[in-house]
Amino acid sequence: QEIALYKVPTKAIHKGIRLEQIVREHQARILAIEGDFMIIEKTGHQRETQQLLEELKDYGVLEFCRSGRVAITKPMKRLSDYLSEMGAMPELAEN
């Protein structure tokens, strides 16, 4: 998962309700609406955040940023053990 933020001109809202539909279809949310811009947040996989960016380009994206992949392990294990099992960071494995 990653978190992406999109800054879009507020005047985009006046282009009809399509922008609101796009936000809903992508299960994103509007964090703030200011005089000149609004901030939209989307959490998902990179292809999902990229897809929303592509659709918002028609409305004039002012800024865009994404966090990159963010995760936490579900099993109750030490991180070093889990990473060792996954083969991600063998140097963390305990001997």
Side-chain angles (χ1 to χ4, degrees):
Q1 297 286 318
E2 65 181 22
I3 299 170
L5 298 173
Y6 312 80
K7 188 178 193 179
V8 180
T10 304
K11 64 182 177 185
I13 295 173
H14 303 298
K15 291 185 177 181
I17 61 169
R18 180 70 185 129
L19 180 63
E20 185 179 343
Q21 289 173 335
I22 290 170
V23 170
R24 286 184 183 174
E25 288 169 5
H26 286 272
Q27 287 133 16
R29 64 186 186 134
I30 297 173
L31 295 180
I33 299 177
E34 301 295 330
D36 296 334
F37 63 89
M38 58 194 254
I39 306 292
I40 300 168
E41 175 193 54
K42 166 73 179 151
T43 303
H45 296 284
Q46 182 181 7
R47 69 182 178 283
E48 297 169 335
T49 59
Q50 186 65 35
Q51 199 171 31
L52 178 55
L53 176 62
E54 296 302 321
E55 288 193 45
L56 290 175
K57 282 182 179 178
D58 293 339
Y59 297 92
V61 176
L62 301 171
E63 290 184 48
F64 169 71
C65 66
R66 66 166 53 113
S67 66
R69 202 179 311 182
V70 179
I72 192 160
T73 61
K74 291 183 182 178
M76 290 297 297
K77 296 181 182 181
R78 291 177 34 177
L79 178 60
S80 59
D81 294 338
Y82 180 74
L83 291 174
S84 177
E85 287 175 14
M86 298 301 293
M89 301 186 75
E91 66 274 10
L92 291 180
E94 293 184 30
N95 296 326

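Please read these numbers as outputs of a predicted model, since none were measured by experiment.
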Quick check on Gln27: does its CD atom have over 12 non-hydrogen neighbours (other residues, nucleotides or ligands) under 6.0 Å away?
no

Sequence neighbours excluded, which residues qualify as ring-ring contact (aromatic ring centres under 6.0 Å, His included) partners of Phe64?
Tyr6

N/O donor-acceptor pair under 3.5 Å between Lys42 side chain and Glu48 backbone
no

Side chain to side chain contact (heavy atoms under 4.5 Å, CB included) involving Glu2 - partner list, sequence neighbours excluded:
Gln46, Thr49, Arg66, Ser67

Is there side-chain contact between Ile30 and Ile39, with at least one heavy-atom pair below 4.5 Å?
no

State the NE2-CG distance between His26 and Leu53, to the nearest 0.5 angstrom.
10.5 Å

Does anything in residues 23-37 form a salt bridge (charged side-chain N to carboxylate O under 4.0 Å, His left out)? List the pairs, not counting sequence neighbours.
Arg18-Glu25, Glu20-Arg24, Arg29-Glu41

Smallest heavy-atom separation, Pro9 atom then Gly60 atom, equals CD-O, 2.6 Å

Examine the side chains of Gln51 and Glu55 and answer whether a donor and an acceptor come within less than 3.5 Å of each other.
no

With sequence neighbours excluded, residues passing side chain to side chain contact (heavy atoms under 4.5 Å, CB included) with Glu63:
Lys7

For Thr43 and Gln1, which heavy atoms make the closest approach, and how far apart are they?
CG2-OE1, 3.7 Å

Residues Ile40, Leu31; criterion side chain to side chain contact (heavy atoms under 4.5 Å, CB included); working and verdict
CA-CA 6 Å; Ile40 300 168; Leu31 295 180; over 6 Å; no

Could you tell me if the side chain of Leu52 sits less than 4.5 Å from the side chain of Val23, heavy atoms only?
no

Beyond-backbone contact of Leu62 with Val8, side-chain heavy atoms, under 4.5 angstrom:
no

